[in-house]
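A, B, ... follow the sequence lines: proteins, then strands. Residue 1 opens every chain.
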Amino acid sequence: MALTQVDQGLLSTNAQYTGFKSRIINGGMVIDQRNAGASVTGNGVYTLDRWYAQATINSKYTVQQNAGSVTPPAGFANYLGVTSSSAYTVGASENFSLLQAIEGYNMADFAWGTASASSITLSFRVYSSLTGTFGGSLQNSAQNRSYPFTYTISSANTWTTISITIAGETTGTWLKTNGAGIYMWIGLGVGSTYSGAAGAWASSNYSGATGATSVVGTNGATFYITGIQLEKGSTATSFDYRPYGTELALCHRYCKIVAFGNNEAIPAAWGCNATTELMGDFLLTPTMRAMPTVVQTATTYRVNTASFNNNFTSSITLSTGESSTNSARLFLTVSGATAGQAAVARIYTNGGYFGLSAEL
Amino acid sequence: MITYKLNKGFDGAPTSSVNCYDSESTLVMCIPFAPDNTDYQAYLKWVSEGNQPEPADE
């Protein structure tokens, strides 16, 4: 039967029901390329994919996928778990938060900074050993427009669903490019300098809300979160479940761990460029957000050529002039190579990885 | 403390990337001189604060 009538009610909500509904990537906390489920100290590092752990002072909290092994909320298999490492009193100009930067291309249709700005709705599931009012904020990349928000956890150690609708911002500059369109902060302890009144746009650099509970203020406190969704419209709709492969590909635009663990090959077109150097071109799929940084925890690589099969304590570097968002020219320092020979290389470090990062 | 060391350019080209080392002098990143790269932006901020990277090896 042909479709002859569109439900006007659906159109009038300004909601989006299909196609990249949630602008948050890895909101279900499924992907953890860098750590593969291991705990990391929240010292200004990326934790689970796309989730950055902001910390003015080191070693105040840890982050781990499924920390504490509690049962995730219905419909989810994973969560991001924060555990406080001490009872720390947050200073006025200190900030302990989780952050995801949404690329400008992925929120351009919100039309923020114009009279046509769309409202958005942020929703998530949260579980904490603490109760009270918690906070966060949305910001532009210049950090001169901020919307602090609060939410309440009434019952400790119970999954609570939160929904917050935020009026579209009609002023300020909001990037619609490969730069940061929106910074979305989840506060774990934010000082007064970076905290503002909840529920209104402000011309200030706020990453948290005044009066919010400090997770890092209680030793051993836990704060678990998942199902984070930021969508167009004034209603929180069901979580935007995406295929694992799709979610991983979305993450790869910002970070691609190419090889993880002993003996995993680094699939570049390697050749001996000189007696002391391998050179290899690596295809970036999908296209990365920016020319990437090489990131590696591997410290030893094993190289095979027609002449040798040796280990090298070395590191991989990248040549900017021959690299782009589509490909990376890589170098690995070796010794005793024969220029012109083909080569293969693999990681020779337990638990080490080699990857490429173009995070926001 | 994070430190930086410039890399020699490929085939005699000018330096166009910098290595970043952690407090244990372990190489953690090789950062291209690419304006959109946020690690490069952080490196430029570090330089603007009066810091200097180590020169590239000869």
Problem set entry | Region of M288(A) in contact with chain B, defined by heavy-atom distances below 4.5 Å |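 It is neither, since no heavy atom gets under 4.5 Å.
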For this session: Counting only heavy atoms closer than 4.5 Å, note whether L356(A) contacts chain B via side chain, backbone, both or neither.
Result: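 For L356(A), no heavy atom lies under 4.5 Å from chain B.
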Exercise. Among V294(A), T325(A), L360(A), T177(A), which has the most heavy-atom pairs under 4.5 Å with chain B?
Worked result: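 Greatest number of close heavy-atom pairs with chain B: V294(A).
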Problem set entry | Polar side chain donor-acceptor pair, N19(B) to T317(A), under 3.5 angstrom |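 There is no such pair (donor and acceptor under 3.5 Å, judged by atom type) between the side chains of N19(B) and T317(A).
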For this session: Take atom NZ of K176(A) as the centre, draw a 6.0 Å sphere, and report whether it contains more than 12 heavy atoms from other residues, nucleotides or ligands.
Result: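 Yes, because the 6.0 Å sphere around NZ of K176(A) holds more than 12 heavy atoms from other groups.
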Exercise. Has I2(B) got more than 12 heavy atoms of other residues, nucleotides or ligands less than 6.0 Å from its CD1?
Worked result: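 12 or below, so no.
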For this session: State whether the side chain of N37(B) and the backbone N or O of A290(A) hold a donor-acceptor pair below 3.5 Å, judged by distance alone.
Result: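 Between the backbone of A290(A) and the side chain of N37(B) there is no qualifying donor-acceptor contact (under 3.5 Å).
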Exercise. Closest heavy-atom contact between G321(A) and S16(B)?
Worked result: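 Heavy-atom minimum between the residues: N-OG, 4.0 Å.
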For this session: Starting at CE of M291(A), measure out to OG of S17(B) and round the result to the nearest 0.5 Å.
Result: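 Answer for the CE-OG pair, M291(A) versus S17(B), is 10.0 Å.
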Exercise. Among residues 334-348 of chain A, which ones touch chain B with a heavy-atom distance under 4.5 Å?
Worked result: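 Under the 4.5 Å heavy-atom cut-off, nothing qualifies.
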For this session: Using the side chain to side chain contact (heavy atoms under 4.5 Å, CB included) rule, pick out the option among L318(A), T293(A), T320(A) that qualifies with I31(B).
Result: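 Among the candidates, only T293(A) passes.
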